[in-house]
Every structure is written in C-alpha cells, then in structure tokens.
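Following: one structure in structure tokens, then a few remarks.
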Amino acid sequence: MVSNVGVHHALRSRGATPGVRWRDTRDFARLSAIVYGFAGIVVPVLGWLVGLAMLMTSPRWSSREKVVAAGVPTTLTLVAALATAVASATEATPERLAVVVHLPSGYDVAWFGAVVVLIVTASIGLRLMLAIRD
C-alpha cells in the first residue's frame with residue numbers, strides 16, 4: 001500500500017513548470033497589465049489599486065515600468081484635483097460674473113480629469129501588454 005502522507009501537492013496554473021510561482025509567470029504579468037489598465041474603468045479606484053498591486057508584485061516588470069505605472073496616474077489625479085479645486089474656487093458668483101464667465105466649473109474640470117486619468121491608465125496598460133510579448 002502506497003501512502004501519500006507528507007507529499008506536498010501545490011496548486012499551479014495550467015502550463016506552469018514545477019517549482020515556479022504563478023506570479024512569476026508571463027500569464028500573471030499579462031493579467032496584471034489587463035487588470036491595471038481596465039479594472040479602473042469597471043471599479044474606478046479599487047480596480048486600479050488591485051492592478052497596481054499585481055503589477056508591483058510581478059518580477060517580470062522593470063523598476064522603470066513600475067514607477068511609470070504608479071507615478072503617472074497618481075500625478076495626473078493630483079493635478080486634476082488641484083485644477084478642480086481652483087475651478088471651484090473661481091466659480092462665477094453674481095458680482096464676479098463678468099470676470100469669470102469663460103472659465104469651466106469645478107464639475108466640468110473634475111469629469112475631464114477623471115476621463116483623462118482613465119484614458120492614460122488604459123494606454124499604459126496596453127503598452128505593458130505589448131511589452132510583455134518581447
């Protein structure tokens with residue numbers, strides 16, 4: 001009678017070689033780029049954070065790619081928040097209507113900033129997808 005007590009059966013992804021963690025595989029890197037680029041559209045903040053965490057834990061990405069993936073959307077979000085605050089502070093009141101009639105409202109700036117951040121993040125995700133093919 002053969003016993004398999006003490007034998008370790010590790011769960012592996014399909015096609016992974018024995019002894020290789022799933023996060024070290026090309027499939028995980030590809031999935032992290034997809035989640036990073038597009039999960040933020042489905043679940044705006046949480047999806048992007050999950051994708052960023054996956055991207056940061058994958059050893060397939062270089063330090064430069066990780067810094068760009070984390071820094072560019074964060075910087076754009078801060079710039080959009082600052083522009084929204086400035087636009088909201090200068091919104092037209094009846095006494096200043098003639099001076100600031102051509103400035104966008106804070107609401108317009110916030111939506112434009114959110115769309116720009118989503119487009120840039122999706123573009124970075126696509127660029128990462130192309131980079132993993134090499």
Side-chain angles (χ1 to χ4, degrees):
M1 183 157 126
V2 177
S3 172
N4 54 0
V5 175
V7 176
H8 184 279
H9 295 285
L11 292 175
R12 292 181 286 137
S13 66
R14 184 176 39 161
T17 58
V20 176
R21 294 182 300 186
W22 186 59
R23 74 176 183 143
D24 296 340
T25 63
R26 179 173 281 175
D27 291 337
F28 182 80
R30 191 173 290 126
L31 180 66
S32 70
I34 292 169
V35 171
Y36 169 82
F38 300 104
I41 295 171
V42 178
V43 182
V45 176
L46 185 63
W48 180 76
L49 289 174
V50 168
L52 186 63
M54 289 175 68
L55 197 89
M56 292 296 175
T57 59
S58 176
R60 293 247 179 199
W61 304 113
S62 68
S63 297
R64 180 174 180 254
E65 290 168 329
K66 291 177 182 181
V67 167
V68 167
V72 171
T74 303
T75 303
L76 284 176
T77 301
L78 293 175
V79 168
L82 181 64
T84 300
V86 169
S88 295
T90 60
E91 279 196 25
T93 57
E95 59 271 0
R96 297 187 310 173
L97 187 59
V99 178
V100 292
V101 74
H102 298 293
L103 294 177
S105 69
Y107 180 80
D108 296 331
V109 174
W111 274 108
F112 179 76
V115 168
V116 167
V117 169
L118 288 175
I119 289 171
V120 167
T121 304
S123 300
I124 292 172
L126 284 174
R127 191 254 175 241
L128 291 171
M129 281 294 298
L130 293 175
I132 199 63
R133 292 189 317 172
D134 297 334

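- In this structure, Thr57 OG1 and Lys66 NZ are separated by 7.5 Å, a value rounded to the nearest 0.5 Å.
- Each of Leu82 and Val115 belongs to its own hydrophobic cluster when Ile, Leu, Val, Met, Phe, Trp and Tyr are linked at side-chain heavy-atom distances under 4.5 angstrom.
- Within the 4.5 Å cutoff, no side-chain heavy atoms of Arg60 are placed close to those of Arg30.
- Cluster membership for Val72 and Met56, using ILVMFWY side-chain heavy atoms within less than 4.5 angstrom, is shared.
- Relative orientation of the Trp48 and Tyr36 rings is tilted, given thresholds of 30° and 60° on the angle between their planes.
- Both Val117 and Val120 sit in one connected hydrophobic cluster of ILVMFWY residues. Membership requires side-chain heavy atoms under 4.5 Å apart, directly or through other members.
- Note that CD1 of Ile41 and CD1 of Ile119 are 8.5 Å apart. Values are rounded to the nearest 0.5 Å.
- Counting all heavy atoms, side chain and backbone alike, Ala33 lies closest to Leu128 at CB-CB, 3.8 Å.
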Item to complete: Go through the steps to decide whether Val116 and Trp111 satisfy the test side chain to side chain contact (heavy atoms under 4.5 Å, CB included), and finish with yes or no.
Response: CA-CA 9 Å; Val116 167; Trp111 274 108; over 6 Å; no
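- Using a 4.5 Å cut-off on side-chain heavy atoms (C-beta onward), Val45 and Leu49 make contact.
- Looking at every heavy atom in both residues, Ala69 comes nearest to Leu55 through CB-CD2, 3.2 Å.
- Considering only heavy atoms from C-beta on, Phe28 comes within 4.5 Å of Thr25 through its side chain.
- Side-chain contact between Thr121 and Phe38 is absent, with no heavy-atom pair separated by less than 4.5 Å.
- Of the possible polar contacts, one joining the Thr74 side chain to the Ala70 backbone as a donor-acceptor pair under 3.5 Å is found.
- Val109 and Ala80 get closest at one heavy-atom pair: CG1-O, 4.4 Å.
- The cluster map of Ile, Leu, Val, Met, Phe, Trp and Tyr, joined by side-chain heavy atoms under 4.5 Å apart, puts Leu52 and Ile132 in the same cluster.
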